[in-house]
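These numbers were taken from a predicted model, which means no experiment stands behind them. In the text below, chain A, chain B and the rest are named by the order of the sequence lines, each starting its count at 1.
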Amino acid sequence: MLSPSVDPSPILNGLNPQQRAAVTAPDGPVLVLAGPGSGKTRVLTHRVAYLVRERGFSPYRIMAVTFTNKAAREMRERLEALLSPADVRRLTVGTFHATCARILRREAEVLGLSRNYVIFDAADQIALIKQVLRTLNLDEKKYAPAALRQAIAKAKQELIPPEAYTTSTYYAEIVRRVYELYQRTLRDNDGLDFADLLMLTVRLFQEHPSVLARYQERYQQILVDEFQDTNTAQYALLRLLGGRHHNVFCVGDEDQSVYLWRGADYRNLLRFRQDFPQVRLYLLEQNYRSTETILEAAQAVIRPNPNRVEKALFTRRGRGPKIVVHEAYNEEDEARYVVETIARLAREEGIRPGECAVMYRTNAQSRALEEAFVQAGMPYRLVGATRFYQRREIKDLLAYLRVVHTPTDWVSMRRIINVPPRGIGAKTLAWLEQTAHREDVPVWTLLRRVRGDEEGPPPAGLGSRARRALAAFTGLVQGWIEAAEGLTVAELIRRILEESGYAAYVQDGSEEGRERWANILELRNVAADYAHLTLTDFLADVALVSDVDNLEETADAPTLLTLHSAKGLEFRAVFITGLEEGLLPHQHAFEDPEEMAEERRLFYVGITRAKDRLYLTRAFRRTVWGQSELTRPSCFLEDIPGELVVGHHPGAGGGAGGGVGAFKEMLAWSGASSRPAPPPALQFRPGQRVRHPTFGEGVVLESRARGSDEEVTVNFEEVGTKRLLVSFARLERAG
DNA sequence: CTAGTCAGGCTTTTT
DNA sequence: GCCTGACTAG
């Protein structure tokens with residue numbers, strides 16, 4: 001293991017020549033074009049370590065920008081092996097958004113911004129847009145808040161403020177008017193949305209050259225991961241910050257650009273080469289992740305995309321097993337196939353469930369999969385969909401905290417002013433909004449007048465019941481504001497939960513209520529973990545974390561996630577489900593070749609997550625909005641060479657004609673006959689007593705072969721009837 | 001004012 | 001098929 005040739009620098013140990021060249025690149029702009037699994041993160045990390053240890057840069061002068069918080073955390077962890085803890089702490093490592101948030105907090109005054117601004121996430125933005133629509137007397141049925149949000153975000157990403165928003169259509173005129181009032185209301189509430197974080201930082205630097213100069217001097221080395229995903233604002237930021245020292249080190253892969261819709265522009269790769277003419281180019285073509293079979297399939301899938309530079313990717317991992325294409329009857333059958341195969345992989349190939357991932361195009365597809373996992377009694381980890389921070393109870397509690405933090409935040413207050421119900425209804429709300437608007441004061445001021453805390457015109461037009469309800473609510477908030485000073489965030493949460501009646505409101509005795517309460521306790525635990533954080537910091541951090549960031553590595557359970565969230569991750573076995581026309585590629589892509597190219601890249605990202613085994617599945621019938629419909633295999637499947645694949649390869653066309661009865665379809669569905677199922681010897685019999693580690697003891701009701709596995713139905717004493725797969729559920733005979 | 005029922009729209013993808 | 005918003009009875 002010990003090599004006789006002593007390498008002078010441990011930082012370069014174990015790097016291949018291509019990686020080494022990139023890591024040791026001389027000063028000046030650098031662009032590393034890296035294929036999937038080529039050790040991008042490694043190169044980035046080692047470059048940072050190299051700059052500190054070999055080139056003598058202070059960690060304080062280095063900024064590394066990643067795409068997700070998870071990537072940032074991973075980078076820090078890797079750096080801890082190469083640098084001293086003190087050095088790692090002094091580095092600036094984070095996402096664009098988090099980094100900008102910090103800069104803005106520090107420089108708030110220059111921009112005339114409140115230092116205690118609150119970050120509005122997508123749901124908050126929607127709520128605010130709805131409020132704006134009401135004020136402007138616009139019908140939210142006609143002007144979808146989600147579409148308006150998208151339009152506003154797009155403008156901000158392109159650094160277009162409301163006053164510069166030009167319009168040529170009636171709809172665009174509406175957008176402009178909504179954007180204008182949205183932005184004003186946002187500021188009145190001391191709020192910044194995601195796009196603001198970037199746009200305002202760019203503006204800060206553009207309009208205040210002395211501030212820019214300070215940051216240029218501080219960050220002499222800038223490193224960027226996933227460069228292909230930068231949008232106009234982010235790129236402008238890089239250009240500004242790197243404008244003096246030109247030491248911008250970008251790593252990216254245009255074939256993995258999947259955020260066009262979010263404003264990402266892979267043409268920034270070209271722009272970068274124009275704006276920094278002395279840029280040095282490095283290629284990383286060796287793939288360390290996947291087998292030859294998987295890598296070849298991936299390249300075959302991406303090749304048809306126009307205007308790309310072909311990379312000569314290669315791997316030394318050997319051929320590996322073939323890719324399995326599986327056609328299931330419907331989405332439930334597809335999900336069962338996935339669960340059973342994961343079980344089989346664990347049994348026969350030593351691939352742990354935790355090393356498997358199940359991917360899909362849309363979040364809606366996760367339901368059928370989840371149900372299959374639950375039925376089999378197999379734990380799973382779900383990324384996205386019902387995101388923790390988007391759950392109602394979490395948003396409610398955060399709204400309470402925000403109100404205590406900034407009582408003039410009407411968007412948050414509106415959310416919880418009557419949750420739990422305390423007699424403040426629609427009429428009272430309308431009165432508050434109108435009066436506040438008419439007198440041009442925050443609602444909070446009005447509330448204080450109602451309670452008599454503040455001098456002002458008497459509140460006319462309020463009934464005595466409403467008045468009492470409002471005064472009581474104001475008293476609660478006032479109490480928390482006063483208490484907040486001396487309390488940790490966790491203690492404040494405890495008090496709010498109790499005094500607001502929210503605890504009792506959630507714990508209504510139902511199963512759902514228990515779950516919600518558990519989520520609330522989890523948030524309180526998060527707060528307790530960060531006991532040193534002030535309420536301001538806590539709220540800021542919470543708004544910027546996403547689900548992938550908190551992916552626990554420990555539990556041995558498969559991960560369910562969208563293809564988008566899969567970026568940057570790797571798994572021994574990957575299942576890509578729903579390979580159907582209209583789903584992958586998605587319906588929206590058919591009119592626009594650009595979008596179609598992005599769908600292809602998305603599929604490419606999915607394939608290249610797999611190290612050893614790749615499964616591509618589809619359902620012959622799929623339920624869309626409660627209607628079961630026939631599907632057609634994804635056109636992408638045809639691009640994978642037949643010799644890389646076993647199983648059902650399209651070409652003969654799976655879709656049966658219309659007017660065929662369900663029974664005939666079942667026969668026509670080739671998967672039905674081609675599934676070999678040698679029934680295993682059954683281990684359990686009805687009547688037997690069994691024990692399960694989490695469900696406790698129970699009696700077997702039924703046991704039957706399911707594929708190559710055994711499915712047992714058990715009536716547990718504590719939790720009732722469950723269906724379990726023997727290979728997963730750690731079921732023992734008892735009694 | 002609340003709690004219940006019902007109709008209609010909805011699904012890309014996320015920092 | 002699920003969630004949101006509108007409507008209705010108490």
Stacking between Phe96(A) and dT15(B), defined as ring centres under 5.5 angstrom apart with planes under 30°, is that present or not? no
Just by distance, do the side chain of Arg609(A) and the backbone of Val605(A) share a donor-acceptor pair under 3.5 Å? yes
Interatomic distance at C1', dT4(C) relative to dT13(B), whole Å: 22 Å
Report yes if at least one side-chain N or O of Asn363(A) is closer than 4.0 Å to OP1 or OP2 of dT13(B); otherwise report no. yes
Heavy-atom contacts, protein to nucleotides 1-10 of chain C, under 4.0 Å, summarised as B (base), S (sugar-phosphate only) or - (none) per nt, yield BS--S-----
Using heavy-atom distances to pick each residue's nearest nucleotide on DNA chain B, tell me which of Ala122(A) and Glu599(A) is more 5'. Glu599(A)
Looking at His586(A) and dT12(B), is any side-chain donor or acceptor paired with a base atom of the opposite kind under 3.5 Å? no
Here the distance between atom C1' of dT12(B) and atom CZ of Phe603(A), to the nearest Å, is 17 Å
Regarding Arg78(A) and Thr41(A), do their side chains bring together a donor and an acceptor under 3.5 Å, going by distance alone? no
For residues 577-593 of chain A, run the donor-acceptor check on the side chains, cut-off 3.5 Å, and write out each pair with its distance to 0.1 Å, sequence neighbours left out.
residue, atom, partner, partner atom, Å
Thr577(A), OG1, Met359(A), O, 2.9
Glu580(A), OE1, Arg622(A), NE, 2.8
Glu580(A), OE2, Ala619(A), N, 2.9
Glu580(A), OE2, Arg622(A), NE, 3.3
Glu580(A), OE2, Arg622(A), NH2, 2.7
Glu581(A), OE2, Cys635(A), N, 2.6
His586(A), ND1, His588(A), N, 3.3
Asp592(A), OD1, Glu594(A), N, 2.9

Compile the donor-acceptor pairs under 3.5 Å between side chains in residues 411-421 of chain A and protein atoms, sequence neighbours left out, one pair per line.
residue, atom, partner, partner atom, Å
Ser412(A), OG, Asp409(A), OD1, 3.4
Ser412(A), OG, Asp409(A), OD2, 2.8
Arg414(A), NE, Glu433(A), OE2, 2.7
Arg415(A), NE, Asp396(A), OD1, 2.7
Arg415(A), NH2, Arg392(A), O, 3.4
Arg415(A), NH2, Asp396(A), OD1, 3.1
Asn418(A), OD1, Arg422(A), N, 2.7
Asn418(A), OD1, Gly423(A), N, 3.3
Asn418(A), OD1, Ile424(A), N, 3.2
Asn418(A), ND2, Ile424(A), O, 3.0

Flag for Gln256(A)-Glu254(A): side-chain donor and acceptor within less than 3.5 Å: no
When all nucleic acid strands are considered with a 4.0 Å heavy-atom cut-off, which category describes Glu595(A): base, sugar-phosphate, or nothing? base
Checking Asp537(A) now: which residues fulfil side-chain hydrogen bond (donor to acceptor under 3.5 Å, both in side chains) with it, not counting sequence neighbours? Thr534(A)
When you measure from the side-chain N and O atoms of Ser565(A) to the phosphate of dT14(B), is any distance below 4.0 Å, counting only OP1 and OP2? yes
Go nucleotide by nucleotide along DNA chain B from the 5' end; which of Phe67(A) and Thr428(A) gets its closest nucleotide reached first? Thr428(A)
Would you tabulate the pairs of protein nitrogen or oxygen atoms and nucleotide nitrogen or oxygen atoms of nucleotides 3-8 of chain B closer than 3.5 angstrom?
none

Counting only heavy atoms from other residues, nucleotides and ligands, does the tally under 6.0 Å from CZ of Arg239(A) exceed 12? no
Kindly say whether the aromatic ring centers of Tyr502(A) and Tyr505(A) come within a distance under 6.0 Å. yes
In a table with atom names and distances, give each donor-acceptor pair under 3.5 Å that connects a side chain of residues 153-161 of chain A to protein atoms at least two apart or in another chain.
residue, atom, partner, partner atom, Å
Lys156(A), NZ, Gln183(A), OE1, 2.8
Lys156(A), NZ, Asp193(A), OD1, 3.2
Lys156(A), NZ, Asp193(A), OD2, 2.6
Lys156(A), NZ, Asp196(A), OD1, 3.0
Lys156(A), NZ, Asp196(A), OD2, 3.2
Gln157(A), NE2, Arg262(A), O, 3.2

Thr95(A) has its side chain closest, among dT14(B), dT11(B), dT15(B), to dT15(B)
Select base, sugar-phosphate, or nothing to describe what Arg149(A) touches, counting heavy atoms under 4.0 Å on all strands. base
Reckon His588(A) has a side-chain N or O less than 4.0 Å from the OP1 or OP2 of dT12(B)? yes
